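From a predicted model like this one, the values you see are computed outputs, not experimental measurements.
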Amino acid sequence: MKTLRLLTALVACTAGLFAAEPTVAEAKQFLDTAEKRLFDLSLESNQASWIQSTYITDDTEAVAARANERNIAESVRLAKGAVRFDKVTLPPDMRRKMQLLKVGLVLATPANTAESAEVTRLAASLEGTYGKGKYCPETQGGAAKPCMDIEAITRVMATSNDPAELLDAWRGWHRISPPMRKDFQRFVELSNKGARELGFKDTGAMWRSKYDMPADDFAREVDRLWEQVKPLYVSLHSYVRWKLREKYGDVVPANGPIPAHLLGNIWAQDWSNEYKLLAPADADKGYDLTEILKKRDTKPVDMVHYGENFFKSLGFAPLPPTFWERSMFTKPRDRDVVCHASAWDLDSLEDVRIKMCIDTTEEDFTAIHHELGHNFYQRAYDKQPFIFRDSANDGFHEAIGDTIALSVTPEYLVKIGLLDKAPDASKDIGLLLARALEKVAFLPFGLMIDQWRWKVFSGEIPPDQYNKGWWDLRLKYQGVAPPVARSERDFDPGAKYHVAADVPYTRYFLSYIMQFQFHRALAKAAGCPAAGSGTPLHRCSIYDNKEAGRRLNAMLEMGESKPWQDAMFELTGQRNLDATAILDYFAPLKKWLDEQNKGKPVGW
């Protein structure tokens with residue numbers, strides 16, 4: 001009887017504890033503890049992931065998986081804990097921190113310990129399979145051909161005009177991913193389970209919920225932006241198709257999708273390597289930055305210094321010595337690494353790095369500016385509370401470096417001594433075409449990657465239609481088609497790093513919209529175009545303009561402390577995403593493309 005009374009009292013006491021409304025003081029204590037714990041686990045996970053990416057072995061994958069599992073598990077625990085304070089009236093900064101805890105995850109591991117370990121192991125294994133991927137051509141007669149990693153495949157796709165060689169490289173690289181298919185399917189199941197435990201419909205809904213608007217509203221916003229830019233893309237696509245048809249004949253249809261292996265890139269996401277083939281004789285952009293860099297014997301580290309110097313010219317502090325000591329600029333000869341370019345902030349303070357296998361090319365010159373944009377953004381918000389040490393949304397992070405790259409104009413290249421003289425205005429169509437082959441061509445690809453994953457996570461694309469769903473969307477948005485028949489024995493999505501590595505991709509689509517919006521606003525702050533000068537937007541550079549740098553830094557320092565709409569307003573004076581800036585930038589090219597396309601099929 002005494003035991004029963006004791007148990008009854010204990011139950012009553014426990015019920016009272018849980019029935020009590022949490023207080024603001026408890027919420028503050030919860031957040032303070034959360035930030036300290038997340039900082040420690042993030043550092044551990046980042047260090048393990050760096051080693052995994054720069055020294056791929058089964059052991060480094062296992063170590064990274066365990067560190068990542070601990071980080072994710074704690075993030076999930078805190079996300080669930082934050083729900084307890086949903087009905088508490090909190091100061092705005094505390095309320096935002098609670099919300100970010102709940103929507104900041106990319107991967108939500110299930111509560112089940114075994115499943116949590118399994119999904120993080122699968123995540124590390126999928127990325128590792130991609131990083132170790134190689135195509136080894138079959139030997140027929142003569143000497144054996146060397147195996148090709150993604151860097152070698154990329155060089156073939158960028159430089160060859162032989163359809164047979166391009167097709168062989170395309171087919172070869174896409175052979176690395178079928179082994180991922182079973183693991184990917186299981187990864188989706190477990191990822192969805194974790195997301196549902198947090199109250200989301202699926203992982204895709206969780207990803208879309210981080211944009212300071214309802215998930216379904218965000219999906220509609222993305223569609224709205226695509227409709228704004230679609231006419232420009234269709235004009236470019238039609239021009240490229242008939243020019244490729246002139247080169248390759250009936251391999252390229254007159255009015256259908258373009259074969260994916262003929263666009264200068266293994267994923268057909270960037271067509272700039274086809275510029276020489278596509279540019280008309282009287283519209284050469286006037287210089288070849290790759291050739292300029294090579295003739296000057298420009299080393300990878302020199303290219304990184306060019307990027308750093310641009311940010312320094314705007315008033316930003318130099319990168320710390322540890323950046324130069326710890327970054328990976330070239331591919332090691334003695335081991336497998338993930339060559340995909342990425343920027344790292346290991347300790348959320350000063351330990352920033354980039355990881356690249358730099359080639360002396362215009363493409364990598366631009367990529368360096370992009371990656372350094374991440375690093376300078378990370379340093380700008382490092383005084384914010386830990387939960388706010390991120391970009392206003394993930395598209396902002398991607399956009400900043402590319403915004404700087406839009407200022408890599410002929411005039412800028414003259415100022416830094418890479419060009420003797422800027423080409424005159426008659427070369428502008430060439431300049432714009434070259435940039436459109438990179439920027440405009442990317443837009444539908446940047447959109448469709450997550451369109452596919454959102455449908456996979458929701459079940460709209462079932463496992464037995466993974467590959468069909470992939471190519472249906474590539475046809476719908478990009479107007480490209482596989483060069484050979486595909487089936488469900490293939491798993492072509494896995495041949496893209498971001499799918500294998502579980503990196504959300506809509507951020508890149510958003511960044512390609514925002515970078516032009518940012519560029520237009522910063523150029524205006526820099527006084528370009530000057531009144532009456534007639535200087536077009538695409539000739540404006542903010543290099544060495546401290547006012548533009550001040551405006552930029554004011555936004556960067558905000559981190560994620562305010563909704564992205566506030567950060568957008570800080571820089572541009574607008575509170576919404578606006579694709580008219582990209583249309584303004586490419587207006588002369590659009591007019592020219594439509595003239596070239598007269599009498600030829602448009603669309604697919």
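A tilted orientation is assigned to the rings of F323 and F329, their planes being inclined by 30° to 60°. Between Y412 and F310, the ring planes are tilted. Angles from 30° to 60° get that label. A parallel orientation is assigned to the rings of F311 and F376, their planes being inclined by less than 30° (bins at 30° and 60°). Classification of the H374-H370 ring pair by plane angle, with boundaries at 30° and 60°, yields perpendicular. Under the 30°/60° scheme for interplanar angles, the aromatic rings of W604 and Y233 are found to stand perpendicular.
Within the 4.5 Å cutoff, the side chain of S53 has heavy atoms near those of the W344 side chain. The shortest side-chain heavy-atom distance between C357 and M328 falls under the 4.5 Å cut-off. Looking at D382 and E350, their side chains come closer than 4.5 Å, going by heavy atoms from C-beta outward. You'll find the side chain of L126 stays beyond 4.5 Å of the side chain of D502, heavy atoms only. When side chains are defined from C-beta on, F396 does not count as touching L556, because their heavy atoms never get closer than 4.5 Å. Looking at L263 and V480, their side chains come closer than 4.5 Å, going by heavy atoms from C-beta outward.
In this structure, R326 pairs ionically with D351, as a charged nitrogen and a carboxylate oxygen lie closer than 4.0 Å. Taking 4.0 Å as the cut-off between side-chain N and carboxylate O, D270 and K439 do not count as a salt-bridged pair. Here D223 does not pair with R220 in a salt bridge; the nearest charged N to carboxylate O distance is not below 4.0 Å. By the 4.0 Å N-to-carboxylate-O rule, R539 lies close enough to E411 to be salt-bridged with it. Salt-bridge check for R379 with D345: failed, with every basic side-chain N at 4.0 Å or more from each acidic carboxylate O.
A donor-acceptor pair shorter than 3.5 Å cannot be found between the side chains of S313 and D544. With no hydrogens or angles considered, no side-chain donor-acceptor pair links D402 and H369 at under 3.5 Å. Using modelled atom types, one finds no donor on one side chain facing an acceptor on the other under 3.5 Å when comparing K476 with Q451. Under the 3.5 Å distance criterion, with hydrogens and angles disregarded, no donor-acceptor pair is assigned to the side chains of K294 and T360. A donor-acceptor contact closer than 3.5 angstrom is absent between the side chains of T290 and E362. Side-chain contact annotation: E557 with N553, donor-acceptor N/O pair under 3.5 Å present. Under the 3.5 Å distance criterion, with hydrogens and angles disregarded, no donor-acceptor pair is assigned to the side chains of R520 and Y585. Using modelled atom types and a 3.5 Å distance limit, the side chains of Q574 and D578 yield a donor-acceptor pair. If you check the side chains of T298 and D302, you find no donor sitting under 3.5 Å from an acceptor.
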Between Q478 and H237, is the side-chain contact (heavy atoms from CB on, under 4.5 Å) condition met? List the steps.
CA-CA 8 Å; Q478 281 187 284; H237 177 281; over 6 Å; no
Do R296 and L418 pass the side-chain contact (heavy atoms from CB on, under 4.5 Å) test, and can you show the C-alpha distance, the side-chain angles, and the key distance before you say yes or no?
CA-CA 9 Å; R296 289 172 169 264; L418 290 178; 3.6 Å; yes
Let's go through K295 and D297 carefully: what are the C-alpha distance in whole Å and the side-chain angles of both, what is the deciding distance for salt bridge (charged side-chain N to carboxylate O under 4.0 Å, His left out) to 0.1 Å, and is it a yes or a no?
CA-CA 5 Å; K295 285 180 180 178; D297 193 27; over 6 Å; no
List the steps, then state whether side-chain contact (heavy atoms from CB on, under 4.5 Å) holds for L105 with W207.
CA-CA 8 Å; L105 297 168; W207 288 3; over 6 Å; no
Trace of the side-chain contact (heavy atoms from CB on, under 4.5 Å) decision for N273 with T159
CA-CA 7 Å; N273 288 316; T159 60; over 6 Å; no
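With D450 contributing its side chain and R453 its backbone, the two residues share no donor-acceptor pair below 3.5 Å. A donor-acceptor pair under 3.5 Å is absent between the side-chain atoms of S327 and the main chain of K355, judged by distance alone. For the pair D212 (side chain) and W564 (backbone), a donor-acceptor distance under 3.5 Å is present. Side chain of D217 to main chain of M213: no donor-acceptor pair is present (N/O by atom type, distance under 3.5 Å, no hydrogens or angles). Between the side chain of Y239 and the main chain of W592, no donor-acceptor pair closer than 3.5 Å is present. Of the possible donor and acceptor atoms, none in the side chain of S160 sits under 3.5 Å from a partner among the backbone N and O of V156. Under a 3.5 Å cut-off, the side chain of R241 and the backbone N or O of I258 do not form any donor-acceptor pair. No donor-acceptor pair closer than 3.5 Å links the side chain of H519 to the backbone N or O of S407. Side-chain atoms of D149 come within 3.5 Å of backbone atoms of E151 as a donor-acceptor pair (strictly under, hydrogens ignored). With hydrogens and angles disregarded, a donor-acceptor distance shorter than 3.5 Å links the side chain of D364 to the backbone of D359.
Taking a 6.0 Å sphere around NZ of K546, one finds it holds more than 12 heavy atoms contributed by other residues, nucleotides or ligands. Applying the 6.0 Å contact sphere to NZ of K243 captures more than 12 heavy atoms from other residues, nucleotides or ligands. For NZ of K331, the number of neighbouring non-hydrogen atoms (other residues, nucleotides, ligands) closer than 6.0 Å is greater than 12.
By the side-chain contact (heavy atoms from CB on, under 4.5 Å) test, A441 pairs with L236, W271, sequence neighbours left out. Scored by the salt bridge (Lys or Arg N to Asp or Glu O under 4.0 Å) test, E547 finds R550 as partners (sequence neighbours excluded). Every side-chain contact (heavy atoms from CB on, under 4.5 Å) that D394 has, sequence neighbours left out, goes to K210, Y211, R507.
Between atom CD of residue E325 and atom CZ of residue R353 there is a gap of 10.0 Å, rounded to the nearest 0.5 Å. Atoms CG and CG, from L510 and L225 in turn, are 7.0 Å apart once rounded to the nearest 0.5 Å. Here T409 contributes atom OG1 and I542 contributes atom CD1; the two are 10.5 Å apart, rounded to the nearest 0.5 Å. Note: Q517 CD to I582 CD1 = 11.0 Å, rounded to the nearest 0.5 Å. Remark: L437 CG to E274 CD distance equals 8.5 Å, nearest 0.5 Å. Note: I513 CD1 to T580 OG1 = 10.0 Å, rounded to the nearest 0.5 Å.
Aromatic ring centres of H498 and Y508: separated by under 6.0 Å. Residues F445 and F509 place their aromatic rings such that the two centres sit no closer than 6.0 Å. A centroid separation of less than 6.0 Å is found between the aromatic rings of Y130 and W173. Taking the six-membered ring for Trp, H305 and W324 have ring centres closer than 6.0 Å. The aromatic ring centroids of Y377 and Y381 lie less than 6.0 Å from each other.
Summarising the geometry of A343 relative to E371, their closest heavy-atom pair is N-OE1, 3.1 Å, with the distance given to 0.1 Å.
Relative to the six-membered ring of F218, R208 misses at least one condition, a distance below 6.0 Å or an angle of at most 45° to the axis.
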